[in-house]
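Note that the numbering runs from 1 along the sequence shown for the chain.
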Amino acid sequence: MLGWAEVEYEVMRDANDTCIVICNMENIDPMGVHTGESAVVAPSQTLSDAEHQMLRSASIKIIRALKIEGGCNIQYALKEGDYRVVEVNPRVSRSSALASKATGYPIARVTAKIAIGMALDEIINMLPRAPLPLLSLLWTT
C-alpha cells in the first residue's frame with residue numbers, strides 16, 4: 001500500500017445505538033509501520049474535510065453493523081479520497097489510551113460503564129474542565 005496514509009478513528013456506541021466519534025489520529029510514518037511503533041498525531045492534520053467526513057461516517061456504520069458496545073478503534077488506509085479498512089478493534093486498545101490523553105475523554109471508563117448497562121446520555125463527564133455530560137460530544141446521522 002505504498003503511498004497510502006494510515007488513519008485511525010476512536011468511536012463509541014451504547015446499547016441504545018447512540019454513537020460518537022471521540023477522536024481521529026494520523027500515523028506520520030508510512031503505511032505498514034505498526035501503530036505501536038509509529039509517530040501518531042491526534043487529531044489528524046492532513047485530512048480534507050471530505051475525507052474526514054467520509055471516514056467518520058464509515059466508522060459509525062462499522063460500529064453499528066458489528067453491534068459493538070463500548071470503545072472501538074478502526075484503522076484505515078487512505079489515498080486520494082479512497083480508503084480501505086485495515087483493522088477493527090472492538091475494544092479499548094493502545095490507540096485508545098493516546099486518544100484519551102489527546103482529548104481528555106475517558107474512553108476506558110466510559111466503556112466500562114457501557115458494559116454494565118449505562119447509556120452514553122447517563123454518563124456524566126467527571127473532568128474538572130468539562131462539566132457537561134459526555135453526550136455533548138455526540139454525532140448524529
_Backbone N/O of Glu51 and side chain of Gln53: donor-acceptor pair under 3.5 Å_ = no

*Calculate, to the nearest 0.5 Å, the distance between atoms CZ and CD1 belonging to Arg109 and Ile123 respectively.*
7.5 Å

*Please tell me if the side chains of His52 and Ser44 come closer than 4.5 Å, counting only heavy atoms from C-beta onward.*
no

*Not counting sequence neighbours, list each pair that qualifies as a salt bridge (Lys or Arg N to Asp or Glu O under 4.0 Å) and has a residue in residues 67-83.*
Asp82-Arg84

*Taking side-chain hydrogen bond (donor to acceptor under 3.5 Å, both in side chains) as the test, write out the residues that go with Glu122, two or more places apart.*
none

*asked:* According to side-chain hydrogen bond (donor to acceptor under 3.5 Å, both in side chains), who are the partners of Asp17, at least two apart in sequence or on a separate chain?
replied: Arg13, Arg64

*To the nearest 0.5 Å, what is the distance between SG (Cys19) and CZ (Arg56)?*
11.5 Å

*Heavy-atom donor-acceptor pair, Gln75 side chain to Val86 backbone, under 3.5 Å*: no

_Looking at Asp14 and Asn16, would you say the former's side chain and the latter's main chain have a donor-acceptor pair under 3.5 Å?_
yes

*Closest contact, heavy atoms only, Val92 versus Ala108*: CG2-CA, 4.2 Å

_So which atom in Glu10 and which in Ala99 form the shortest heavy-atom distance, rounded to 0.1 Å?_
CG-CB, 3.5 Å

*Out of curiosity, Met118 CE to Leu120 CG, how far, rounded to the nearest 0.5 Å?*
9.5 Å

_From CA spacing to verdict: side chain to side chain contact (heavy atoms under 4.5 Å, CB included), Met12, Ile22_ = CA-CA 7 Å; Met12 182 89 54; Ile22 297 160; 3.6 Å; yes

*Does the side chain of Asn27 reach to within under 4.5 Å of the side chain of Glu8, using non-hydrogen atoms?*
yes

*Under the side-chain hydrogen bond (donor to acceptor under 3.5 Å, both in side chains) test, which residues partner Asn89, sequence neighbours left out?*
Asn73, Glu87, Arg91

_Nearest non-hydrogen partners of Thr111 and Gly71, listed with the distance_ = OG1-N, 2.9 Å

*Can you name the side-chain contact (heavy atoms from CB on, under 4.5 Å) partners of Ile68, sequence neighbours left out?*
Ile63, Leu66, Cys72, Val88, Pro90

*In chain order, what residues pass the side-chain contact (heavy atoms from CB on, under 4.5 Å) check against Ser100, with sequence neighbours excluded?*
Ile107

*Would you call the rings of Tyr76 and Tyr83 parallel, tilted or perpendicular, where under 30° means parallel and over 60° means perpendicular?*
perpendicular

_Is any side-chain heavy atom of Tyr105 closer than 4.5 Å to one of Ile20?_
yes

_Suppose we screen for side-chain contact (heavy atoms from CB on, under 4.5 Å). Which residues come up paired with Ala102, at least two apart in sequence or across chains?_
Ala42

